[in-house]
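Down below is the structure, laid out as structure tokens.
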Amino acid sequence: MRRPVAVRVVGPVQWIFIPAVVTLAVTILLATPVELFGLNLPEPVIPMVLAFAWPLIRPTVTAPVILTLLGLLLDILTYGPLGLWALALLAIYAVVLVSRSFLIGQDTAVLFVWYAACCTVAFLMAYAVVAVIVRNPPSILALIGQIVPTLLLFPFANQLIERFEDGDVRFR
């Protein structure tokens, strides 16, 4: 007689809501006006980690809704045009979702290149939108100062993908 195999079912609370709440808390923490040794805290766009990881873990309808809410909150915190970061996050989600079949099972280096490309395109899109709306392009150094910390968050995206990618064998 065969023994039943235990299936580890991972629900949306573990891979969507908990990371979203952690992302929200860290974003609010880094948005505080703290200055150490004359330098401000870095302000990476932390939801980009989720926008990259979620479509690779499992496509769902809930993830774009949460990304839209996180993007709108990020717009409010940064005093940016409303909908700018929501559009950028949804663009990343769409690109990764379309290329999901190629990216599943790839090496970490390939995932990092895709993450860097997605982040770069999102930041360039945000830069162009702000330059058109304000009619004055933002500082390139400030843009680089936001891109670099966001790129350094890739290990968190990779950890999220590795932790939950095989969480539910029903979706293989």
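Phe52 CZ to Ile92 CD1: the interatomic distance, rounded to the nearest 0.5 Å, is 9.0 Å. Separating the CG atom in Leu153 from the CZ atom in Phe156 is a distance of 6.5 Å, to the nearest 0.5 Å. A distance of 12.0 Å separates CD1 in Ile147 from CG in Leu152, rounded to the nearest 0.5 Å. Taken to the nearest 0.5 Å, the CD1 atom of Ile28 stands 10.5 Å off from the CG atom of Leu30. Distance check, rounded to the nearest 0.5 Å: CD1 of Ile104 to CG of Leu56 gives 5.0 Å.
Cluster membership check: Phe154 shares its hydrophobic cluster with Val26, using side-chain heavy-atom separations under 4.5 Å among Ile, Leu, Val, Met, Phe, Trp and Tyr.
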Show me the donor-acceptor pairs, under 3.5 Å and distance only, between side chains in residues 123-140 and residues at least two apart or in other chains.
| from | atom 1 | to | atom 2 | distance (Å) |
| --- | --- | --- | --- | --- |
| Tyr127 | OH | Pro138 | O | 3.1 |
| Ser139 | OG | Leu141 | N | 3.3 |
| Ser139 | OG | Ala142 | N | 3.3 |

Give every donor-acceptor pair under 3.5 Å between a side-chain atom in residues 105-121 and any protein atom, sequence neighbours left out.
| from | atom 1 | to | atom 2 | distance (Å) |
| --- | --- | --- | --- | --- |
| Gln106 | NE2 | Phe102 | O | 3.1 |
| Tyr115 | OH | Thr150 | O | 2.7 |
| Thr120 | OG1 | Ala116 | O | 2.7 |

Distance-only donor-acceptor pairs under 3.5 Å for side chains of residues 61-89, two or more places apart:
| from | atom 1 | to | atom 2 | distance (Å) |
| --- | --- | --- | --- | --- |
| Thr68 | OG1 | Pro64 | O | 2.7 |
| Asp75 | OD1 | Trp85 | N | 3.1 |
| Asp75 | OD2 | Gly83 | N | 2.7 |
| Asp75 | OD2 | Leu84 | N | 3.1 |
| Thr78 | OG1 | Leu74 | O | 2.8 |

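At least one side-chain heavy atom of Thr27 sits under 4.5 Å from a side-chain heavy atom of Pro47. Under the 4.5 Å side-chain criterion, counting only non-hydrogen atoms from C-beta, Val34 is not in contact with Asn40. Within the 4.5 Å cutoff, no side-chain heavy atoms of Ile161 are placed close to those of Trp54. Between Arg100 and Pro59, the closest side-chain pair of non-hydrogen atoms falls below 4.5 Å.
For the pair Glu43 (side chain) and Gln146 (backbone), a donor-acceptor distance under 3.5 Å is absent.
No option in Leu50, Leu24, Ile46 other than Leu50 meets the side-chain contact (heavy atoms from CB on, under 4.5 Å) test with Pro19.
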